[in-house]
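These numbers come from the heavy atoms of this one structure, side chains and all, not from hydrogens, waters or symmetry mates.
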Amino acid sequence: DWSSDVCSSDLNREADDGGTQFERHWAGRVIYAFSTALFSVFDRVGQGEGTGAVAGTVLRQLGSRDADAMVRMARALGVWEEGAPTEEAPFRVADALEGTLLSLGMPTRLSALGIERSALPRVIEHSLKNFNADPGREFVRERELLAKVLEAAW
């Protein structure tokens, strides 16, 4: 069982060395928290599979919280056109990412992982305990929103 947080030695090391991996943007932090919870709750789910299964939905639903980061990501992926409305960036990034994942045979929906939908509340609870993704404990205040986003990823 899981005690108080989910972590890997690399991420702890990065934080110990003063890194800011999870201060970059909300969507990235939530994707990490969800994927880590998925592979912790379900032995048969790898972190890459968990990431792929939630990333597109999280980007679409939470990417607007960090519009500048989404535009930078869209530019890096070659799916941004200067002058396009900023609110399109999360969708363009999500579409590009999911296209790549699908071409590799990776899941892009939770339903493709073979887990029970009724287990999603366990995933949320584990996600809320992820100190690396949420050192400021913001996720606890957003429990309902995060549950809706995870459900949408089904």
Side-chain angles (χ1 to χ4, degrees), residues 5-8 10-12 14-15 18-42 45-104 106-113 115 117 119-154:
D5 65 81
V6 179
C7 56
S8 75
D10 289 341
L11 293 173
N12 283 338
E14 196 260 347
T20 59
Q21 178 170 345
F22 293 108
E23 293 178 20
R24 294 192 181 113
H25 58 79
W26 239 80
R29 293 171 48 216
V30 172
I31 291 166
Y32 176 74
F34 284 173
S35 67
T36 303
L38 286 162
F39 85 77
S40 296
V41 172
F42 303 101
V45 176
Q47 190 167 5
E49 294 169 315
T51 298
V54 299
T57 300
V58 173
L59 287 164
R60 287 182 187 97
Q61 295 205 9
L62 300 177
S64 63
R65 288 185 174 206
D66 300 291
D68 291 340
M70 294 297 111
V71 169
R72 287 192 306 275
M73 290 171 71
R75 277 189 187 116
L77 292 168
V79 296
W80 188 248
E81 298 159 12
E82 293 309 318
T86 304
E87 58 269 11
E88 287 183 14
F91 297 93
R92 291 178 185 219
V93 171
D95 290 348
L97 176 61
E98 285 182 340
T100 299
L101 292 170
L102 287 170
S103 76
L104 297 171
M106 296 287 292
T108 59
R109 307 294 302 168
L110 287 171
S111 55
L113 296 178
I115 61 174
R117 192 176 203 161
L120 296 183
R122 286 181 57 210
V123 175
I124 287 295
E125 292 310 310
H126 284 282
S127 298
L128 295 176
K129 297 175 184 176
N130 190 314
F131 179 76
N132 287 322
D134 187 30
R137 307 294 292 149
E138 297 172 84
F139 291 177
V140 174
R141 294 186 299 272
E142 303 274 2
R143 176 189 305 263
E144 186 176 322
L145 171 65
L146 293 177
K148 287 178 183 177
V149 172
L150 189 66
E151 181 70 26
W154 183 260

Side-chain contact test, heavy atoms from C-beta onward, threshold under 4.5 Å: evaluate it for Leu62 versus Leu145 and give yes or no.
yes
Atom CG of Leu102 and atom CG of Leu97: how far apart are they, to the nearest 0.5 Å?
9.5 Å
Examine distances only and state if a side-chain atom of Arg29 and a backbone atom of Ala133 form a donor-acceptor pair shorter than 3.5 Å.
yes
Set of ring pair (Phe, Tyr, Trp, His ring centres under 6.0 Å) partners for Phe139, sequence neighbours left out:
Trp26
Is there side-chain contact between Leu101 and Thr51, with at least one heavy-atom pair below 4.5 Å?
no
Rounded to the nearest 0.5 angstrom, the CD-CZ distance for Glu138 and Arg141 is 6.0 Å
Which is it for Glu87 and Met70 under the side-chain contact (heavy atoms from CB on, under 4.5 Å) test, yes or no, and what are the steps along the way?
CA-CA 9 Å; Glu87 58 269 11; Met70 294 297 111; over 6 Å; no
Can Val123 and His126 be said to form a side-chain contact (heavy atoms from CB on, under 4.5 Å), step by step?
CA-CA 5 Å; Val123 175; His126 284 282; 5.9 Å; no
So do Leu59 and Ile31 actually touch side chain to side chain, heavy atoms under 4.5 Å?
yes
Could you check Thr57 against Arg109 for side chain to side chain donor-acceptor pair (under 3.5 Å), going step by step and ending with a plain yes or no?
CA-CA 8 Å; Thr57 300; Arg109 307 294 302 168; 3.0 Å; yes
Quick check: closest heavy atoms across Ala37 and Ser127, and the distance to 0.1 Å?
CB-OG, 3.5 Å
Go through Glu81 and Arg92 one step at a time and tell me if the side-chain contact (heavy atoms from CB on, under 4.5 Å) criterion holds.
CA-CA 10 Å; Glu81 298 159 12; Arg92 291 178 185 219; 3.7 Å; yes
Treating Thr86 as the side-chain partner and Ala67 as the backbone partner, does any N or O pair qualify as donor plus acceptor under 3.5 Å?
no
Just verifying a value: how many Å separate Glu98 CD and Thr100 OG1, rounded to the nearest 0.5 Å?
10.0 Å
Could you tell me whether Asp134 and Lys129 have a side-chain N and a carboxylate O separated by less than 4.0 Å?
no
Looking at every heavy atom in both Gly50 and Val45, which two are closest together, and how far apart are they?
N-CG1, 4.0 Å
What are the two closest heavy atoms between Tyr32 and Ser35, and how far apart are they?
O-OG, 3.1 Å
Verdict with reasoning, Asp95 to Arg60, per side-chain contact (heavy atoms from CB on, under 4.5 Å)
CA-CA 9 Å; Asp95 290 348; Arg60 287 182 187 97; 2.6 Å; yes
So CG of Leu146 and CZ of Phe34: to nearest 0.5 Å the spacing works out to 5.0 Å
Indicate the atoms forming the closest heavy-atom contact of Gln61 with Val149, along with that distance.
OE1-CG2, 3.3 Å
Below 4.0 angstrom, N of the basic side chain to O of the carboxylate: do Glu142 and Lys148 qualify?
no
Supply the atom-to-atom distance Gln47 CD to Leu38 CG, rounded to the nearest 0.5 angstrom.
9.5 Å
Smallest separation among heavy atoms of Phe39 and Gly46, with atom names:
CB-C, 3.9 Å
If every non-hydrogen atom of Leu120 is compared with every non-hydrogen atom of Leu150, which pair is closest and at what distance?
O-CD2, 3.6 Å
Within this structure, what is the NE2-CZ distance for the pair His25 and Arg65, rounded to the nearest 0.5 Å?
13.5 Å
